[in-house]
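Along the sequence shown, the residues carry numbers beginning at 1. As the structure lists them, so they are numbered: ligands from 1, and atoms in each ligand from 1. Keep in mind that what you see is a predicted model, and the values were worked out from it rather than measured.
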Amino acid sequence: MTAALASSVTPVLAAERPRDAPLVEGLIASAFGPGRFAKSAERLREGARPFLDLSFLAWIGREAVGCVRQWPVTIGETPALLLGPIAVDDDFRRQGLGSTLVRHAAEAAQRAGHGLIILVGDEPFFGPQGFSAGLARAVRLPGPVDQRRVLVRELISGAAAGLAGPIRRITA
Ligand SMILES: CC(C)(COP(=O)(O)OP(=O)(O)OC[C@H]1O[C@@H](n2cnc3c(N)ncnc32)[C@H](O)[C@@H]1OP(=O)(O)O)[C@@H](O)C(=O)NCCC(=O)NCCS
């Protein structure tokens with residue numbers, strides 16, 4: 001689809017289904033390239049499964065044009081969601097879809113009773129969505145990371161109070 005055509009249609013968001021995994025992998029692979037496996041956040045996803053009801057695809061008809069996933073983790077003793085990867089097809093960028101996916105994922109997480117979301121990403125993109133590096137200052141990731149890119153958003157007021165320690169994946 002061309003960028004001009006892409007801007008004239010509105011994607012529909014739906015929770016990820018098991019059979020969508022190859023489409024999600026494809027979107028992620030073309031957005032991030034092979035370097036994605038070296039990321040520290042990837043260590044937190046290895047061997048784990050995303051919450052499918054809190055992970056979403058954006059559809060134009062039968063074409064998946066964007067995705068976001070959320071994963072269970074703990075930070076110290078605090079349960080949390082790890083958001084990412086988020087990817088939007090090239091032709092659909094800068095039209096608000098990435099922000100819509102983040103907002104939709106956060107609202108679903110809040111409705112499900114989760115207290116906070118953590119991610120590694122660009123503050124200029126996630127900051128306006130309520131994510132802040134200040135809340136994540138004492139969180140440690142497995143491997144090297146620019147701490148200014150570790151961002152937390154509270155879904156329940158006070159959920160990030162005293163947040164500290166290593167972030168760990170949940171593989172069960
Ligand atoms: C990041 C990504 C998901 C954003 O999707 P998108 O649909 O273009 O996002 P939006 O249109 O909702 O952009 C919202 C705002 O963030 C800005 N923005 C988007 N990506 C940004 C980035 N990486 N850094 C800084 N600002 C960014 C946009 O300019 C826009 O600002 P504006 O409204 O003032 O123009 C998309 O660019 C993508 O798939 N990138 C490759 C994968 C990636 O890097 N994902 C992780 C990002 S940390």
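- Protein heavy atoms are absent from the space less than 4.0 angstrom from atom 30 (C) of ligand 1.
- Ligand 1 has a nitrogen or oxygen under 3.5 angstrom from a nitrogen or oxygen of Gly96.
- A donor-acceptor contact shorter than 3.5 Å is absent between the side chain of Arg149 and the backbone of Asp146.
- Less than 4.0 angstrom separates atom 33 (O) of ligand 1 from none of the non-hydrogen atoms of the protein.
- If you number the atoms of ligand 1 from 1 as listed, the ones under 4.0 Å from a heavy atom of Ala87 come out as 39 (O).
- Under the 4.5 Å side-chain criterion, counting only non-hydrogen atoms from C-beta, Leu44 is in contact with Leu141.
- Residues Leu81 and Leu54 are in side-chain contact: their nearest non-hydrogen atoms beyond the backbone lie under 4.5 Å apart.
- If you number the atoms of ligand 1 from 1 as listed, the ones under 4.0 Å from a heavy atom of Ser99 come out as 10 (P), 12 (O), 13 (O), 14 (C).
- By the 4.0 Å N-to-carboxylate-O rule, Arg148 lies too far from Glu123 to be salt-bridged with it.
- Residue Phe126 approaches ligand 1 through these ligand atoms, each under 4.0 Å from one of its heavy atoms: 48 (S).
- Listed by number with element, the atoms of ligand 1 under 4.0 Å from a non-hydrogen atom of Ile86 are 3 (C), 42 (C), 43 (C), 45 (N), 46 (C).
- Of the N or O atoms in Arg149, none lie within a sub-3.5 Å distance of an N or O in ligand 1.
- When Phe32, Phe125, Phe92 are ranked by how near their heavy atoms come to atom 19 (C) of ligand 1, first place goes to Phe125.
- By the 4.5 Å side-chain criterion applied to Ile, Leu, Val, Met, Phe, Trp and Tyr, Leu23 is assigned to a cluster that also includes Val24, Ile28, Phe32, Leu57, Trp59.
- No side-chain heavy atom of Val73 sits less than 4.5 Å from a side-chain heavy atom of Ile170.
- Ranking the protein heavy atoms by distance from atom 39 (O) of ligand 1 puts Val88 N, 2.8 Å first.
- Glu16 places no side-chain N or O within 3.5 Å of a backbone atom of Leu52 that could act as its donor or acceptor partner.
- A perpendicular orientation is assigned to the rings of His104 and Phe56, their planes being inclined by more than 60° (bins at 30° and 60°).
- Near Gln95, with a cut-off below 4.0 Å to any heavy atom, the atoms of ligand 1 are 11 (O).
- Counting only distance, with no hydrogens or angles, the side chain of Gln147 and the backbone of Ala136 share a donor-acceptor pair below 3.5 Å.
- Taking all heavy atoms of Gly127, Pro128, Gly98 into account, the minimum distance to atom 6 (P) of ligand 1 is reached by Gly98.
- Distance check on atom 13 (O) of ligand 1: some protein heavy atom falls below the 4.0 Å cut-off.
- Here the side chain of Gln70 pairs a donor or acceptor atom with the backbone of Ala105 at under 3.5 angstrom.
- For atom 21 (C) of ligand 1, the choice among Arg93, Arg36, Arg94 with the nearest heavy atom turns out to be Arg94.
- In summary, the atoms of ligand 1 found under 4.0 Å from a heavy atom of Pro124, numbered by their order in the structure, are 25 (C).
- Taking each of Val120, Asp122, Thr100 in turn, the one with a heavy atom nearest to atom 24 (N) of ligand 1 proves to be Asp122.
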